[in-house]
Amino acid sequence: MMNSAWLEAALISLTSVGAAIIALLIVWLVIGRKNVQGLEPAHPDGLEETVFLFDNEELVDATPSARRLLEATPISVSDWARLSAFVAPRFSEFRARMATLAEHGQIEMTENAETPGPDRMRMIAEDVGGFARITLIDPGTEGRGVRVDSLSQRALEDELEMMRSTLDRSPVLVWRRDTAGTVTWANRAYLLRADAFEEGGEGFTWPLPSLFDLPAEGEADAGPVRVKLTKDDEGARWYDCESFAVPGGAIHFALPADATVRAEGALRDFVQTLTKIFADLTTGLAIFDRNRQLQLFNPALIDLLQLGPDFLTGRPTLYAFLDRLRETRMMPEPKDYRSWRIQMTELEQAAASGFHSETWNLPNGQTYRVTGRPHADGAVAFLFEDISAEISLTRRFRGEIEMGQDVLDALPDAVVVFHPSGELALSNAAYTRLWGLEPETTLGRITLSDAISQWEAQADPSALWSRLHAVAREFGRPEALSETVSLRNGARIICSLQSLPSGAVLVRFVPTAPGDVAKPARKTMALLDQG
């Protein structure tokens, strides 16, 4: 009885275990078939294909070639983003059509027509029980027995890695956009500027953000475009963007231009400051470039030379400018046109080679000083200054000086004046006749000590000369003195010395009549004492 019961219980247990194992096998077969069915080749020839199985944006399964493709694409936050980074540039309607996969059930797309190569890639997307099965078919290589030796493959991989590392370390922002304006690829500098990296820097968001709103002409070979990029945390940043057309879109380069913008702003402010300064100058300014064409002038030039603004803003050449001055008689009247041209050529050459200055006496009585200076890159600047008042004042002073000299020369007494420094300042004709000296023809300076020595050499010994030498040694404001001395030619003169308010010293020699020597001396001393 016990053996029968035990045997019956054992059979029941084996039956239950067997039923459970069979149930597990059935479940495994069903699930395995579903997965195998989900990744069955979509290519009719059964060639090796790249197949992905996604549940929304999560990768459920993939063929070996599909996994190798994901490993070769740039790192992103999800496998779906990595696949999109590879597929979106090649299939321009990828995102839009994938959004309608559940509605249509199956979608087929062919690689963009702009993609080079005779065989374009195909993509088949299917809705399999709520899963998205994506198959990529490359007719050029997949399943065609194309063999690549290991060295060639290694060389290609090394070159790819070198290009990637080079672009990732470039400070220039580089990105590509398709014909719809969507960013399909970017280097590391662009991703950093766009804050496209996730925390930790292990991946970036997809789709990539578009940093620059480039105009339509910036899409293809339109030259550099200055663009301002504004971020709340950093303020405005400037870039010089240059674009080039490529199959399927355009590639863009953005060079940092902050330093250039600052330099241009500083230069603009400097030019504005100079312009304001030039506008307030009373001196006329005209700057001609290396081709001798007028580039810059100030308002004073219009007033001084009586040239119309229309003529000057037309940027005339230097010779056209001088021709107009000749026509308006705002330069010296030449003897003939040929000599005038030679003179103007010499003026231009002298100004270009170094500092040059000359005075123009105009027919209307005005006097201009014309100065030419060379500038960088072969440019020449001319300054026109009205010095009529200065010339008039100089002439008046010269006339007064000459008149004063004439008055001194008309005096019968010999007069000589010495500066406070002790140097001879002026003398009259009577002084020259008395001592036989012409200070104007003497080389070098003449001091009071030199003059005393000359006087003493032509006179008899006297205590006066010692007193005068003492005055010369301690030149200040000496006391007045007067004494009669005899010359070796027999003449007798009264030598008087007195200080002038300016600190200069005046020495006067008055001839005396025979027998009347002490009287004039006493009279002169009395007058000096009263003074």
Side-chain angles (χ1 to χ4, degrees), residues 266-403 405 440:
L267 178 60
R268 185 167 52 252
D269 295 341
F270 179 69
V271 170
Q272 291 177 354
T273 302
L274 286 182
T275 301
K276 294 178 181 178
I277 294 175
F278 291 159
D280 295 334
L281 287 178
T282 58
T283 301
L285 173 67
I287 298 180
F288 296 85
D289 60 16
R290 61 185 306 175
N291 298 320
R292 299 299 177 261
Q293 190 172 12
L294 183 64
Q295 294 294 332
L296 180 65
F297 65 92
N298 65 340
L301 187 71
I302 301 175
D303 299 333
L304 288 174
L305 302 181
Q306 300 178 11
L307 297 175
D310 296 339
F311 172 75
L312 294 176
T313 54
R315 295 187 176 183
T317 62
L318 174 59
Y319 286 104
F321 176 80
L322 296 175
D323 276 335
R324 179 61 65 90
L325 294 183
R326 177 175 173 269
E327 293 173 2
T328 57
R329 304 187 66 187
M330 293 305 297
M331 64 185 309
E333 188 68 26
K335 295 181 180 179
D336 54 65
Y337 186 76
R338 182 178 179 182
S339 64
W340 175 82
R341 291 289 292 185
I342 295 175
Q343 180 183 358
M344 291 304 101
T345 301
E346 294 174 351
L347 171 67
E348 185 268 335
Q349 293 175 351
S353 60
F355 178 82
H356 175 75
S357 180
E358 64 181 39
T359 302
W360 287 2
N361 295 310
L362 304 183
N364 59 6
Q366 290 181 299
T367 304
Y368 285 176
R369 180 187 292 122
V370 181
T371 305
R373 294 177 179 270
H375 279 252
D377 199 22
V380 175
F382 287 96
L383 302 175
F384 297 86
E385 184 179 1
D386 187 356
I387 59 173
S388 302
E390 177 184 343
I391 293 297
S392 177
L393 184 62
T394 302
R395 289 172 180 171
R396 187 171 67 252
F397 285 164
R398 184 181 297 115
E400 292 178 355
I401 292 174
E402 291 175 354
M403 182 176 63
Q405 186 66 45
E440 293 82 2

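Treat the numbers as computed from the prediction; the structure is a model and nothing was measured.
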Would you confirm whether Thr283, through its side chain, and Phe384, through its main-chain N or O, come within 3.5 Å as a donor-acceptor pair?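 Absent.
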Quick one: pull up [atom1] in [X] and [atom2] in [Y] and give me the separation to the nearest 0.5 Å.
{"X": "Leu383", "Y": "Ile287", "atom1": "CG", "atom2": "CD1", "value": "8.5 Å"}
{"X": "Trp360", "Y": "Met330", "atom1": "CH2", "atom2": "CE", "value": "9.5 Å"}
{"X": "Leu318", "Y": "Leu294", "atom1": "CG", "atom2": "CG", "value": "9.5 Å"}
{"X": "Arg290", "Y": "Arg292", "atom1": "CZ", "atom2": "CZ", "value": "9.5 Å"}
{"X": "Asp289", "Y": "Arg315", "atom1": "CG", "atom2": "CZ", "value": "8.5 Å"}
{"X": "Asp386", "Y": "Thr282", "atom1": "CG", "atom2": "OG1", "value": "9.0 Å"}

Side-chain atoms of residues 393-401: list all donor-acceptor pairs with protein atoms under 3.5 Å, sequence neighbours left out, distances to 0.1 Å.
from: Thr394; atom 1: OG1; to: Glu390; atom 2: O; distance (Å): 2.8

Partners meeting side chain to side chain donor-acceptor pair (under 3.5 Å) with Asp303 (sequence neighbours left out):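 Side chain to side chain donor-acceptor pair (under 3.5 Å) list for Asp303, sorted by chain: empty.
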Does a side-chain heavy-atom distance below 4.5 Å link [X] with [Y]?
{"X": "Asn364", "Y": "Arg329", "answer": "no"}
{"X": "Val271", "Y": "Arg268", "answer": "no"}
{"X": "Leu325", "Y": "Leu307", "answer": "yes"}

State which residue, out of Leu296, Ile302, Leu301, fulfils the side chain to side chain contact (heavy atoms under 4.5 Å, CB included) condition with Asn298.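 The side chain to side chain contact (heavy atoms under 4.5 Å, CB included) with Asn298 is passed solely by Leu301 among Leu296, Ile302, Leu301.
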Over all atoms of both residues, closest heavy-atom pair of [X] and [Y]:
{"X": "Pro299", "Y": "Ala279", "value": "CD-CA, 3.8 Å"}
{"X": "Leu305", "Y": "Thr328", "value": "O-OG1, 4.5 Å"}
{"X": "Arg369", "Y": "Ser357", "value": "CG-OG, 3.7 Å"}

Name the orientation class of the two ring planes belonging to Phe288 and Phe321 (parallel below 30°, tilted from 30 to 60°, perpendicular beyond 60°).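 The rings of Phe288 and Phe321 stand perpendicular, inter-plane angle above 60°.
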For Gln272 and Asp269: C-alpha separation, side-chain torsions, deciding distance, then whether side-chain contact (heavy atoms from CB on, under 4.5 Å) applies. CA-CA 5 Å; Gln272 291 177 354; Asp269 295 341; 4.0 Å; yes
